[in-house]
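Heads up: the structure comes next, in structure tokens.
Bear in mind that the values here come from a model prediction, so they are computed numbers and not experimental data. In what follows, chains are A, B, ... by sequence order, proteins preceding strands, each numbered from 1.
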There are 4 protein chains.
Amino acid sequence: MTLTEQRVRAAAVKLFADKGFHGTGIRELAQAAKISSASLYHYMGTKEELLEGIMCECLDRLLAAARQVPASDPRDRLAGLVALHVLTHAIEPAQTRVVDHEVHVLSPEARSEVVRRRDEYERLWAETIEEGIAAGVFHDTRPTLTRLALLEMCNGVSRWYSPHGPLSLEELATHFARLAIRMLGGEENDFSATVGHARSVVSTVWKRTL
Amino acid sequence: MTLTEQRVRAAAVKLFADKGFHGTGIRELAQAAKISSASLYHYMGTKEELLEGIMCECLDRLLAAARQVPASDPRDRLAGLVALHVLTHAIEPAQTRVVDHEVHVLSPEARSEVVRRRDEYERLWAETIEEGIAAGVFHDTRPTLTRLALLEMCNGVSRWYSPHGPLSLEELATHFARLAIRMLGGEENDFSATVGHARSVVSTVWKRTL
Amino acid sequence: MTLTEQRVRAAAVKLFADKGFHGTGIRELAQAAKISSASLYHYMGTKEELLEGIMCECLDRLLAAARQVPASDPRDRLAGLVALHVLTHAIEPAQTRVVDHEVHVLSPEARSEVVRRRDEYERLWAETIEEGIAAGVFHDTRPTLTRLALLEMCNGVSRWYSPHGPLSLEELATHFARLAIRMLGGEENDFSATVGHARSVVSTVWKRTL
Amino acid sequence: MTLTEQRVRAAAVKLFADKGFHGTGIRELAQAAKISSASLYHYMGTKEELLEGIMCECLDRLLAAARQVPASDPRDRLAGLVALHVLTHAIEPAQTRVVDHEVHVLSPEARSEVVRRRDEYERLWAETIEEGIAAGVFHDTRPTLTRLALLEMCNGVSRWYSPHGPLSLEELATHFARLAIRMLGGEENDFSATVGHARSVVSTVWKRTL
DNA sequence: CATGAATGAGTCTTCATTCAT
DNA sequence: GATGAATGAAGACTCATTCAT
């Protein structure tokens with residue numbers, strides 16, 4: 001991916017997140033990427049393909065990160081998944097908001113690509129929860145429901161977290177991990193190691209120092 | 001509000017929820033409301049004012065409902081707020097999705113109208129949580145953070161709940177109330193009365209039999 | 001069909017004939033029809049549908065006219081068909097040129113509509129020729145080939161005939177009828193009555209005094 | 001003319017014939033010629049100049065061929081011209097269709113270049129017809145009209161002849177020669193020698209074995 | 001009360017062409 | 001000799017909105 005391509009994508013992510021896909025004009029996008037609207041089309045297919053690319057890449061990274069969570073105690077594993085998800089949403093609010101808000105725009109074919117990734121990702125959460133229940137460390141009568149609640153709770157982070165606020169990434173992730181364990185009726189651990197590991201994974205996957 | 005006005009608003013709610021504000025055309029809207037696009041303008045101001053009206057009304061109803069939650073034990077009160085919120089999102093997914101997703105479209109003035117209502121609504125949650133902590137029935141070190149997590153978790157319901165699924169409204173509300181109490185480190189009660197009350201309030205406010 | 005619709009269609013016919021379908025811009029068309037390019041879309045579907053409409057209507061008229069040629073002596077009948085075709089191409093060169101030149105533009109579905117009409121029309125010619133041969137008044141070893149030659153020869157009229165030139169419509173039609181009979185090895189008649197009839201049919205079908 | 005130039009020209013001929021000049025994009029052309037659209041401009045001037053080149057070359061060849069028709073009996077000479085024209089249109093339908101259909105695209109200057117050649121070519125036909133009438137072997141009261149009819153009839157071949165059909169080039173040319181003579185009220189000859197000669201001329205001029 | 005007609009500004013996308021590398 | 005990058009202008013078409021009837 002060339003530098004210009006990256007600039008285009010970055011501009012698109014920001015605009016799509018702020019004003020929505022349909023609320024973002026191609027000229028606006030071109031201006032933000034500092035090229036002409038005609039040149040835009042050297043670096044992308046259609047506007048929709050650009051969106052699809054953004055969403056898939058983001059989900060692929062999220063998935064790649066989630067796969068690096070060690071398969072240890074279900075509590076630690078869930079804490080790891082939560083920390084990772086929350087950290088990602090905190091440091092990449094634009095990308096994650098696009099993933100969460102603009103699925104309805106996609107054509108059926110593109111949508112299925114995105115949904116497939118999302119499902120695969122959620123399966124990791126489901127498995128962890130099930131394991132925890134089977135192992136007796138989680139106590140919950142409606143694990144599916146709880147999983148949905150959990151995910152939405154974590155997605156929300158990209159809508160309100162600000163790096164300029166008083167809350168550090170560490171604190172954020174730790175608290176959400178704690179909340180998740182509580183929701184599943186598990187005993188609270190010390191998650192500092194888990195959160196630390198999640199932090200380094202996220203840092204690697206997104207090539208950013210946290 | 002005339003019958004036609006209601007038809008317009010209902011059509012707008014459905015379309016805005018499904019395709020987004022910018023993804024919905026005025027002609028499409030007219031067609032769904034079964035009038036001509038010119039006639040539309042007898043029943044609304046601009047497209048944006050229509051959106052503002054939808055959002056404000058929805059928030060007003062939510063607020064009106066929340067104010068009917070009795071100021072009893074903080075646990076019951078929180079359970080009531082959660083049940084109410086979740087039930088509303090379950091039976092009115094279109095309206096609530098519009099409220100949650102289309103704020104960025106509004107002009108600053110219109111947005112402040114919406115935000116004001118939202119803030120007022122959230123204050124009720126914040127107060128309840130604080131009371132619970134003060135009373136020692138909740139145990140949480142970051143109540144603000146938890147409140148945000150809680151709200152996002154509940155908002156999510158409108159994105160995935162289906163009345164055709166196996167989950168009844170009662171079960172949904174009860175489980176979410178339980179999750180909320182867990183998140184705040186409170187002891188689980190029997191929330192059936194609280195949920196029942198919430199149900200009747202929602203039923204009244206939205207004039208629908210549940 | 002409203003007056004404006006007619007103006008649009010007339011402008012389109014002229015422009016498509018002069019500059020080709022792809023050579024004619026929508027703004028150019030709007031200007032020629034004296035409305036804005038946006039208003040254009042109140043009176044037409046897509047540009048292609050406009051073209052299809054023009055072609056089908058023209059062919060329908062040609063067909064309607066051809067069906068009024070009396071089924072008398074094959075020589076007279078052929079002379080009638082030729083006169084009619086030639087007169088039409090002489091007085092409506094724009095429409096007929098569009099029909100003859102822009103078929104390749106159409107989508108398969110639209111094309112089949114046009115081709116169906118064209119085929120039906122040519123069948124009338126084919127039948128007449130066959131009858132003439134069967135009756136022994138025409139002598140030709142390759143009637144299909146001759147029919148194609150005949151049609152192309154007559155189509156050509158719209159490319160060069162000028163009403164301002166020295167040649168009257170009567171003379172034009174009479175000579176072409178004579179040429180056609182010669183091509184089929186038939187004996188030359190006096191075609192004045194036949195041509196006169198064709199003239200009045202064309203006049204009626206196109207609502208123009210010749 | 002380099003090999004690449006030939007490839008470009010061949011691609012252009014095919015595309016212009018199939019989709020029209022304005023219906024053919026420069027990128028499409030480049031792709032068909034298997035070079036980049038930028039490289040295209042090493043082998044051509046503007047798109048219009050490319051068209052002009054194609055048309056002029058085609059007409060030049062037609063003219064060169066026509067000049068090789070021996071000045072014998074006017075009937076044989078006309079038969080020769082017709083055979084040549086028809087054969088050319090049969091074996092080079094793309095080129096001849098471009099010549100016949102895309103004149104309107106050209107700028108006045110370019111157009112005059114084309115028209116000059118066309119006129120010169122048609123003069124050969126006119127002379128032949130006049131000679132025949134003067135010599136008493138043709139009997140026609142409107143030679144100009146007949147010439148136009150003749151030419152259009154022959155041009156038409158490129159629109160419908162298929163080498164995969166049952167009709168051989170020989171049969172095609174022979175029948176058209178016969179038709180032409182009939183149209184001019186001449187006596188039918190045996191044109192096999194004339195057609196044979198036309199065939200070899202066309203074969204030479206276009207460097208193709210027929 | 002209702003709507004067909006109208007439009008300027010906008011939509012996304014492609015156009016033919018140039019030029020630095 | 002070849003081409004990726006670049007673009008102003010234009011392509012067809014839709015937008016939200018107004019207004020006379």
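Applying the 4.0 Å criterion to OP1 and OP2 of E/dA2, one finds that B/Tyr43 has a side-chain N or O inside that range. The side chain of A/Ser39 places an N or O atom within less than 4.0 Å of a non-bridging phosphate oxygen (OP1 or OP2) of F/dT7.
F/dT21 and E/dA2 make up a base pair, with Watson-Crick or G-U wobble contacts both under 3.5 Å. Applying the Watson-Crick and G-U wobble criteria (two distances, each under 3.5 Å), E/dT7 pairs with F/dA16.
Taking atom CG of C/Leu3 as the reference point, atom P of E/dA5 lies 12 Å away to the nearest angstrom. Atom pair B/Tyr41:OH and F/dT17:C1' shows a separation of 5 Å (rounding to whole Å applied). Distance CG (B/Leu40) to P (F/dT17): 10 Å, rounded to an integer number of Å. Per the geometry, CG belonging to D/Leu50 stands 14 Å off C1' belonging to E/dT17, to the nearest Å. As rounded to whole Å, 12 Å separates atom P of F/dT17 from atom CG of B/Leu51. Taking atom CD of residue D/Glu28 and atom P of nucleotide F/dG11, one finds them 18 Å apart after rounding to whole Å. The distance from atom CZ of B/Phe21 to atom C1' of F/dC15 is 12 Å, rounded to the nearest whole Å. Rounded to a whole Å, the CD atom of D/Glu5 is 10 Å from the P atom of F/dG1.
Position along DNA chain E of the nearest nucleotide to C/Ala38 versus A/Ile26 favours C/Ala38 as the more 5'-ward residue. Between C/Lys34 and A/Met44, the residue anchored closer to the 5' end of DNA chain E is C/Lys34, taking for each the nucleotide with the nearest heavy atom.
A salt bridge is absent between A/Arg9 and A/Glu5; no separation between the charged side-chain nitrogens and carboxylate oxygens falls under 4.0 Å.
For the residue pair A/His104/B/Asp18, the side-chain donor-acceptor check at 3.5 Å is not satisfied.
Here the side chain of A/Lys47 is nearest to one of E/dA5, E/dT13, E/dT17, namely E/dT13. With E/dT7, F/dC13, F/dT17 as the candidates, the nucleotide lying closest to the side chain of C/Ser37 is F/dC13. Nearest to the side-chain atoms of C/Arg27 among the listed nucleotides E/dT17, F/dT17, F/dG11 stands F/dG11.
Atom CD of A/Gln31 has 12 or fewer heavy atoms from other residues, nucleotides or ligands within 6.0 Å.
Considering only heavy atoms from C-beta on, D/Arg111 comes within 4.5 Å of D/Val103 through its side chain.
Backbone-only contact: D/Thr24 has heavy atoms under 4.0 Å from sugar-phosphate atoms and none from a base. When heavy atoms are screened at a 4.0 angstrom cut-off, C/Thr4 is found touching no nucleic acid atom at all.
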